Amino acid sequence: MVARTEAGVAVVAERSSIASVTNATWAWSMRRFARGLMWTLPGYAVVYGAVTLGRWDGGAPLPYLENGRILHLVGWVVAVWLGLLALVAMASLLAAARSRRAATMGLMVGLTGAVLWLPFAALPRDTPVYGLDAHTLSLAGAAVYSAGWLLAGWSVMYSGLFNKSDGLLLMVAGPMVGVAGLLVGPLQTVGAIFILAAGIGMSWTAGRIVPSVHATPKVRAAAAAAGAQAVAAQVATTGSVN
């Protein structure tokens with residue numbers, strides 16, 4: 001039985017001599033993409049830990065600019081980018097889990113925090129911005145960024161797909177890689193270690209627990225033929241495909 005929403009896609013695929021794009025093949029592609037992207041989580045931890053190791057002043061990336069540490073500055077930006085990709089990967093893998101709303105909220109809040117954090121993080125602390133100083137706005141953005149990681153950790157903990165301890169580690173690390181790390185520099189490295197421990201376990205688990213639903217060529221051909229038959233029957237019955 002082919003749903004009407006899939007029948008048209010199957011006919012187009014059959015007519016154009018390309019592989020059928022069904023819900024199953026789409027899900028397989030998204031799962032494969034998310035499983036590969038999940039390795040950005042330990043990557044984020046490694047890069048973030050490397051650029052913050054031994055830093056007692058916190059407030060990255062401002063100290064890197066003041067001290068001419070260009071490589072540290074670039075590494076910090078790359079680390080934040082990898083962290084956002086990791087949030088995307090978690091939200092993708094948990095799209096069908098019971099905690100999918102929390103995972104989606106974690107992604108949205110994390111993105112919002114990064115957008116609020118980055119414009120002010122490199123400004124001198126006492127720079128006036130709309131009646132406030134840049135340091136206050138940077139802390140506010142980092143707090144929102146931390147909230148995104150807290151939501152992501154909660155979604156992992158209660159998803160039923162990953163180890164609960166991995167989600168707990170992400171929740172503990174959330175403030176450390178965000179607002180708390182800006183206030184106390186060493187917490188950034190400690191948070192990166194926690195994320196690394198959780199990220200390795202989650203990346204390894206993601207490749208084993210998420211099944212592939214890739215269809216064989218014979219199955220795809222059968223789906224295309226069934227879609228064409230369904231459309232033909234619909235046209236014969238109602239005179240249209242709507």
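Just so we're clear, the structure is a prediction, and the values are computed from it rather than from any experiment.
When the ring-ring contact (aromatic ring centres under 6.0 Å, His included) test is applied to Trp39, no partner is found at least two apart in sequence or on another chain. Evaluation of the side chain to side chain contact (heavy atoms under 4.5 Å, CB included) rule for Ala102 yields Trp154, Ser155 as partners, not counting sequence neighbours.
Distance CE/Met171 to OG/Ser146: 12.0 Å, rounded to 0.5 Å. Of the inter-residue distances, the one linking Leu118 atom CG with Tyr145 atom OH reads 9.0 Å to the nearest 0.5 angstrom. The CE atom of Met105 sits 8.5 Å away from the OG1 atom of Thr112 when rounded to the nearest 0.5 Å. Note that CZ of Arg100 and CG of Leu94 are 10.5 Å apart. Values are rounded to the nearest 0.5 Å. Here the straight-line distance linking atom CZ of Phe194 with atom CG of Asp166 works out to 13.0 Å at 0.5 Å rounding.
The side-chain contact (heavy atoms from CB on, under 4.5 Å) with Val109 is formed by just one residue from the set Leu87, Val144, Leu150; it is Val144. Residue Met90 forms a side-chain contact (heavy atoms from CB on, under 4.5 Å) with just one option from Leu85, Thr104, Leu170, and that option is Leu170.
Taking 4.5 Å as the limit, some side-chain heavy atom of Gln188 sits within range of a side-chain heavy atom of Tyr48. With a 4.5 Å cut-off on side-chain heavy atoms, Val177 and Ile195 count as touching. Looking at heavy atoms from C-beta onward, Leu182 lies in side-chain contact with Ser138 at the 4.5 angstrom threshold. Contact annotation: the side chain of Leu93 never approaches that of Leu161 to less than 4.5 Å [non-hydrogen atoms, C-beta and beyond]. Within the 4.5 Å cutoff, the side chain of Leu139 has heavy atoms near those of the Leu183 side chain.
Remark: side-chain polar atoms of Thr205 are not paired, donor with acceptor, to backbone N or O of Phe162 under 3.5 angstrom. Between the Arg98 side chain and the Tyr158 main chain, a donor and an acceptor come within less than 3.5 Å of each other. Here the side chain of Ser203 pairs no donor or acceptor atom with the backbone of Ile200 at under 3.5 angstrom.
Cluster annotation: Val77 is connected to Leu41 through the hydrophobic network of ILVMFWY side chains, with a link wherever side-chain heavy atoms come within less than 4.5 Å. Leu84 is not connected to Val115 by any chain of hydrophobic side-chain contacts under 4.5 Å among Ile, Leu, Val, Met, Phe, Trp and Tyr, and they are in different clusters. Under the 4.5 Å side-chain heavy-atom criterion for grouping Ile, Leu, Val, Met, Phe, Trp and Tyr, Leu107 is connected to Leu37 within one hydrophobic cluster. Both Met176 and Trp76 are members of a single hydrophobic cluster when ILVMFWY side chains are connected at heavy-atom separations under 4.5 Å. Hydrophobic clustering places Leu82 together with Val74 (ILVMFWY residues linked when any side-chain heavy atoms are closer than 4.5 Å, directly or through intermediates).
Taking every heavy atom of both residues into account, Pro119 and Ala114 meet most closely at CD-O, 4.3 Å. Considering all non-hydrogen atoms of both residues, Gly178 and Ala142 come closest at C-CB, 3.8 Å. Residues Ala197 and Leu169 approach most closely at CB-CD1, 4.0 Å, considering heavy atoms. Of all heavy-atom pairs spanning Met38 and Pro42, the tightest one is O-CD, 3.5 Å. Considering every non-hydrogen atom in both Val47 and Ala79, the closest pair reads CG1-CB, 3.8 Å. Taking all atoms of both residues into account, the shortest heavy-atom contact from Lys164 to Met157 is CG-O, 3.3 Å.
Checked by atom type, the side-chain pair Ser99/Ser159 shows no donor-acceptor distance below 3.5 Å.
Using cut-offs of 30° and 60° for the angle between ring planes, the Trp149 and Tyr44 rings count as parallel.
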